[in-house]
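What follows is one structure encoded as structure tokens, with my remarks underneath.
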Amino acid sequence: MPEGIEIELYRRTAERALERTITAVAAPDAWFLKRGLTATVLTDALTGRRFVAARRRGKLLLLDTSDGGPVLGLRFGMTGRLVVDGRQGIEELEYGSARDLAAWDRFAVEFAGGGQLRLNDPRRLGGVELDPDESRLGLDAFSIRPRDLRAVLGTSTAPLKARLMDQARIAGIGNLLCDEILWRAGLDPARPAGSLSDGERGRLLRSMRAVLTELLAAGGSHLGRLQAARERGGRCPRDGTPLERRTIGGRTTYSCPKHQR
DNA sequence: CTCGACTCCTGTTAGC
DNA sequence: TGCTAACAGGAGTCGA
């Protein structure tokens, strides 16, 4: 599903849409417009303007608009895809659909001279809003520093995994990335977040950076080493131990009971 | 403030 | 073959 890595790939795709005048807006799904936004307001806000910058904070894609216009915030939920001029941001989306039906287009803009940017989301868990409150998101996972991670974990007794997926504290890590990071770091997802030693926290940070860097280069959150074994009956790719399947932080969690402690 | 439980959405897949 | 039910998770809300 789209996590920080996928949204970063979407952001790069969105850069193709910069500095082109918006001539039309389509927002056929009112449910997809968040915080009271309507199709009329959205259309009036974007038509005639240009996107001038494509930013990302966690899983939120931010498109700045010209002439003092609002910031367009795009969320992709579990199955959302960004398509610019027919080119998809990513090749394959775990849990997504192989099909790309026009009926799943929840938001689209047309540009002068042809071409378009559209958000296609079969399961409708994404959303569109204007001037999203960026301060509600924590620091982006791609740029986190040792002292930031210490603050994120704090003295919390919540499960380590739940804390890492709390977007208000650290933004961009979803379920698959979190399992991969903790597997690589050799840390039990159920450990109280505040119980990590300095050494363990260092391992966690190195794992986070390595996983984000490598999977971004590879092109998807689902391309990690753990992923292939992330199913019922799967075995740890490192030591062959049957993986443990639990619900932690409300999400299906796979971990190795032998080397994740 | 913290944290877990619950709810929303619907395409895909496993199973009968 | 055709149907049903379980499953997936990002994000918001609510209550202890």
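Given the structure is predicted, the values throughout are model-derived calculations rather than measurements.
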Base, sugar-phosphate alone, or nothing: which one does Arg163(A) contact when heavy atoms must sit under 4.0 Å apart? sugar-phosphate
Would you call Gln167(A) and Leu60(A) a side-chain contact if the rule is heavy atoms closer than 4.5 Å? no
Neighbour count above 12 (heavy atom, 6.0 Å) for Arg150(A) CZ: no
Within residues 186-194 of chain A, which residues have any heavy atom lying less than 4.0 Å from an atom of DNA chain C? none
Return the 5'-most residue of the pair Ser156(A), Arg99(A) with respect to DNA chain B, ranking by each residue's nearest nucleotide. Ser156(A)
Between Arg123(A) and Thr79(A), is there a side-chain donor-acceptor contact under 3.5 Å, judged purely by atom types and distance? no
Distance in angstrom units between Leu74(A) CG and dA11(C) P, rounded: 13 Å
Nearest-nucleotide pick for Thr157(A), side chain only, options being dC3(B), dC9(B), dG10(C): dC3(B)
For the residue pair Pro70(A) and Thr65(A), establish whether any side-chain heavy-atom pair is separated by less than 4.5 Å. yes
Charged N to carboxylate O below 4.0 Å: is that the case for Glu15(A) and Arg12(A)? no
Is the number of heavy atoms from other residues, nucleotides or ligands within 6.0 Å of CZ (Arg16(A)) greater than 12? no
When you check the phosphate oxygens OP1 and OP2 of dT10(B), does a side-chain N or O of Trp104(A) lie under 4.0 Å from one of them? no
Those residues that, when tested against Tyr10(A), pass ring-ring contact (aromatic ring centres under 6.0 Å, His included) (two or more places apart): Phe76(A)
Any salt bridge between Arg75(A) and Glu129(A), counting N to O under 4.0 Å? yes
Between Asp100(A) and Arg118(A), does any side-chain N to carboxylate O distance fall below 4.0 Å? yes
Set out, line by line, the N/O atom pairs under 3.5 Å between protein and nucleotides 14-16 of chain C.
none

Measure the distance from CZ on Arg106(A) to C1' on dG11(B) and round it to the nearest whole Å. 11 Å
Interatomic distance, OG1@Thr253(A) vs NZ@Lys161(A), rounded to 0.5 Å, equals 3.0 Å
When the distance from CZ of Arg56(A) to C1' of dG10(C) is rounded to whole Å, what number comes out? 16 Å
Residue pairs involving residues 238-261 of chain A (criterion salt bridge (Lys or Arg N to Asp or Glu O under 4.0 Å); sequence neighbours excluded): Asp188(A)-Arg246(A), Glu244(A)-Arg246(A)
Measure CG/Asp100(A) against P/dG11(B) and give the value in whole Å, please. 13 Å
Of dG10(C), dG12(C), dG4(B), the nucleotide closest to the side chain of Pro159(A) is dG4(B)
Passing candidate, side-chain contact (heavy atoms from CB on, under 4.5 Å) with Leu72(A), options Val128(A), Leu62(A), Leu61(A): Val128(A)
Whole-Å distance separating the CZ atom of Arg57(A) from the C1' atom of dG10(C): 18 Å
Does a side-chain N-to-carboxylate-O contact under 4.0 Å join Glu180(A) and Arg184(A)? no
Counting heavy atoms from C-beta on, name the nucleotide in dG4(B), dG12(C), dT10(B) closest to the side chain of Arg136(A). dG12(C)
Within residues 165-173 of chain A, find the residues that approach DNA chain C with a heavy atom at under 4.0 Å, and present them sorted by residue number. Met165(A), Gln167(A)
Nucleotide N/O of nucleotides 4-8 of chain C paired with protein N/O under 3.5 Å:
from	atom 1	to	atom 2	distance (Å)
dA8(C)	OP1	Arg245(A)	NH2	2.7
dA8(C)	OP2	Thr252(A)	OG1	3.4
dA8(C)	N3	Arg123(A)	NH1	2.9

Between Leu117(A) and Phe111(A), is there a side-chain heavy-atom distance shorter than 4.5 Å? yes
Run the salt-bridge test on Asp29(A) and Arg124(A) with the 4.0 Å N-O cut-off and return the result as yes or no. yes
Starting from C1' on dG11(B), measure out to CG on Asn120(A) and report it in whole angstrom. 12 Å
Rounded to the nearest Å, what distance is computed from the CZ atom of residue Arg124(A) to the C1' atom of nucleotide dT7(B)? 15 Å
Take the protein atom CH2 of Trp31(A) and the nucleotide atom C1' of dT10(B), then report the distance between them rounded to whole Å. 10 Å
Under-3.5 Å donor-acceptor pair between Arg251(A) side chain and dG10(C) base: yes
